[in-house]
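Data block below; observations after.
Sequential numbering from 1 along the given sequence is applied to the chain's residues.
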Amino acid sequence: MTNPGGPYVKVHFRLETEDDWPPASAKSLWAIDQGDGTVRLDNIPWFVRGIACGDVVAAEPDEEGVRWAGGQWRATSVG
């Protein structure tokens with residue numbers, strides 16, 4: 001069952017840097033937990049390429065409980 005209205009969680013993305021840009025190796029974004037191993041992004045991803053606010057991404061917690069974005073996502077429809 002999905003949970004489209006909340007709760008909010010942080011999801012982290014690993015960033016590729018070149019010549020010290022962007023100024024971080026990871027970026028966290030606010031997202032809404034969908035309750036099925038995915039989250040819907042609720043931030044504008046300034047440094048994360050190929051995604052947008054509203055996209056749904058897979059997110060897995062690591063051994064410390066930090067949620068990291070996986071390789072699968074659904075783009076929001078633009079129309």
Side-chain angles (χ1 to χ4, degrees):
M1 181 172 166
T2 62
N3 184 17
Y8 278 88
V9 296
K10 282 284 195 171
V11 62
H12 295 73
F13 291 81
R14 289 180 178 83
L15 303 176
E16 293 183 26
T17 58
E18 184 175 324
D19 297 326
D20 294 327
W21 190 257
S25 61
K27 178 71 177 165
S28 64
L29 302 175
W30 282 111
I32 300 169
D33 188 350
Q34 300 297 289
D36 61 357
T38 65
V39 296
R40 181 176 302 277
L41 301 178
D42 199 37
N43 257 143
I44 297 171
W46 293 105
F47 297 120
V48 184
R49 296 178 185 224
I51 62 167
C53 184
D55 286 356
V56 175
V57 301
E60 289 275 332
D62 65 12
E63 60 279 351
E64 296 174 359
V66 176
R67 292 179 192 233
W68 290 95
Q72 299 178 349
W73 60 77
R74 286 191 314 266
T76 54
S77 58
V78 178

Exactly one of V39, L41, V9 should register a side-chain contact (heavy atoms from CB on, under 4.5 Å) with L29. Which one does? L41
Strictly distance-based, threshold 3.5 Å: is any side-chain N or O of R40 a donor or acceptor partner for the main-chain N or O of G54? yes
To the nearest 0.5 Å, how far apart are CD in E16 and CZ in R49? 9.0 Å
Can you list the steps and then say if W21 with F47 is a side-chain contact (heavy atoms from CB on, under 4.5 Å)? CA-CA 9 Å; W21 190 257; F47 297 120; 3.6 Å; yes
Short question: side chain of N43, backbone of P45 - any donor-acceptor pair under 3.5 Å? no
Closest heavy-atom contact between L15 and P22? CD1-CG, 3.8 Å
Side-chain atoms of residues 58-70: list all donor-acceptor pairs with protein atoms under 3.5 Å, sequence neighbours left out, distances to 0.1 Å.
| unit_1 | atom_1 | unit_2 | atom_2 | d |
| --- | --- | --- | --- | --- |
| D62 | OD1 | E64 | N | 2.9 |
| D62 | OD1 | G65 | N | 3.0 |
| D62 | OD1 | V66 | N | 2.9 |
| D62 | OD2 | W68 | NE1 | 3.0 |
| R67 | NH2 | D33 | OD2 | 3.4 |

Search all heavy atoms of D55 against all heavy atoms of I51 and return the closest pair with its distance. OD2-CA, 3.4 Å
